[in-house]
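Values below: all heavy atoms of this structure, side chains included; hydrogens, waters and symmetry mates excluded.
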Amino acid sequence: MTVRSRQPKQLLLAFFGEYVVDDDPGPIRASALIGVLEGAGVAAPATRATLDRLVHSGILARSRSGREISFALTGHGSAVLREATDRVRGPHPFDPQGTGWTLVTFTIPEGQRTFRHRLRSTLTWEGFAPLRDGLWLAPGEVDLAGSLEPLRQDLPPNTVIAFHAREFTDFPIADSVRSAWDIEAIRREHLAFIEVWDDPGAVTQAPSALTVRMMLVADWLALLRVDPRLPREFMDEDWPATRSTQVYRQVHERLAAESDAEFAALAARSGPSRRTGPAGRPSAPSPTRSGAARSR
């Protein structure tokens with residue numbers, strides 16, 4: 001089985017998106033998060049440093065109880081993760097959103113590099129790629145207002161200009177599409193995902209189902225980010241997106257019950273804020289409400 005490289009940030013965002021964003025379990029202890037990521041091969045110092053960066057970026061909030069430090073999603077962090085879940089949960093995550101093409105141009109001052117990076121990252125997640133200087137292209141009719149909502153507070157008026165367009169017969173867009181996106185590289189990412197997760201031993205990559213599910217979702221989010229949902233006429237009949245989706249859903253379903261139980265136990269140990277079920281037992285997060293685990 002191929003070993004994939006996963007960054008601590010990818011894993012933590014997958015964890016909070018999968019288990020936390022819609023279930024409000026309360027702050028999660030730093031030691032618990034470190035343990036979950038150690039199962040994925042991430043050393044404790046790397047996890048601590050990444051948690052600090054996520055606090056600095058406004059995704060997480062830090063709290064302290066005695067000597068124990070805990071982390072919870074901020075309102076901004078929840079908005080960012082919820083924006084991603086529509087595609088994660090969607091029945092056809094690699095199909096275009098409607099017909100035609102969405103074009104975007106924007107101007108961000110040089111002194112606002114961090115915000116410019118956030119905007120470009122958001123556009124990339126929505127399937128955009130730079131077509132030429134200052135002009136970005138995405139297939140279909142992208143809900144740009146919804147996509148940019150987490151950035152709205154910091155987005156100056158008239159910064160972004162967007163259009164929905166169609167190509168003219170005498171000016172086919174195929175060459176521009178192949179220039180903007182490396183279609184064969186996208187294919188390789190699908191095949192790599194399938195190679196890792198279609199292996200019967202995939203669910204034993206880590207000592208707990210909770211950690212394996214976090215790794216699965218991190219890989220799935222990375223694949224969704226790479227694949228812009230191009231119309232099928234730009235790909236051949238053997239395009240592997242359908243198989244990637246089947247593999248993801250099968251492995252996720254296989255892990256769901258055990259990983260939910262493990263998370264309920266972890267959240268119960270993190271503090272009294274965890275909701276409890278009958279007889280004071282922690283209630284497991286609902287699989288239908290988890291931020292990255294809803295029925296697809």
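With Arg87 contributing its side chain and Leu224 its backbone, the two residues share a donor-acceptor pair below 3.5 Å. Although no hydrogens or angles enter the test, the distance criterion places a donor-acceptor pair under 3.5 Å between the side chain of Glu262 and the main chain of Leu210. Judged by distance alone, the side chain of Arg82 and the main-chain N or O of Val21 form a donor-acceptor pair under 3.5 Å. Formation of a donor-acceptor pair under 3.5 Å by the Gln250 side chain with backbone atoms of Val247 is not found in this model. Remark: side-chain polar atoms of Asp23 are not paired, donor with acceptor, to backbone N or O of Pro25 under 3.5 angstrom.
Residue Arg254 qualifies as open at atom CZ: its count of foreign heavy atoms under 6.0 Å is 12 or below. The 12-atom threshold is not exceeded at NE2 of His117, counting heavy atoms of other residues, nucleotides or ligands nearer than 6.0 Å. Residue Glu233 places its CD atom among more than 12 non-hydrogen atoms of other residues, nucleotides or ligands, all under 6.0 Å distant. Counting non-hydrogen atoms of neighbouring residues, nucleotides and ligands closer than 6.0 angstrom, the CZ atom of Arg166 reaches no more than 12 such neighbours. Within 6.0 Å of atom CD in Glu258, 12 or fewer heavy atoms from other residues, nucleotides or ligands are found, so the atom counts as exposed in its surroundings.
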Next on the checklist: For a side chain to side chain donor-acceptor pair (under 3.5 Å) check, start with the C-alpha distance between Arg225 and Ser121, then their side-chain angles and the critical distance, and finish with the verdict.
Outcome noted: CA-CA 9 Å; Arg225 186 177 180 83; Ser121 180; 3.0 Å; yes
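A donor-acceptor contact under 3.5 angstrom links the side chains of Ser244 and His190, judged on distance only. Arg132 and Ser179 form no side-chain donor-acceptor contact under 3.5 Å, judged by distance and modelled atom types alone.
What you find for Ile186 and Pro228 is that their closest heavy atoms are CD1-CD, 3.6 Å. Listed here is the closest heavy atom pair of Gly127 and Pro139: O-CD, 3.8 Å. Ala218 approaches Ala14 most closely through the heavy-atom pair N-CB, 3.6 Å. The two residues Phe234 and Ile183 make their nearest non-hydrogen contact at O-CD1, 3.7 Å.
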Identify all side-chain donor-acceptor contacts of residues 140-150 below 3.5 Å with residues at least two apart in sequence or on another chain.
unit_1, atom_1, unit_2, atom_2, d
Asp143, OD1, Gly146, N, 3.1
Ser147, OG, Glu126, OE2, 2.9
Ser147, OG, Asp143, O, 2.9

Result block: side-chain N/O donor-acceptor pairs under 3.5 angstrom for residues 68-78, not counting sequence neighbours:
unit_1, atom_1, unit_2, atom_2, d
Thr74, OG1, Gly58, O, 2.4
Thr74, OG1, Ile59, O, 3.2
Thr74, OG1, His76, N, 3.4
Thr74, OG1, Gly77, N, 2.9
Ser78, OG, Thr74, O, 3.1

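Looking at residues two or more places apart in sequence or on another chain, you find a side chain to side chain donor-acceptor pair (under 3.5 Å) between Ser208 and Thr211.
We find the OG-CD distance between Ser176 and Glu167 to be 9.5 Å, quoted to the nearest 0.5 Å.
A salt bridge links Arg187 to Asp236: at least one charged side-chain nitrogen sits closer than 4.0 Å to a carboxylate oxygen.
Under the 6.0 Å cut-off for aromatic ring centres, Phe193 and Trp220 qualify, their centroids lying closer than that.
In this pair, Phe171 and Phe168 present their aromatic rings perpendicular. The plane angle is above 60°, beyond the 30 to 60° band.
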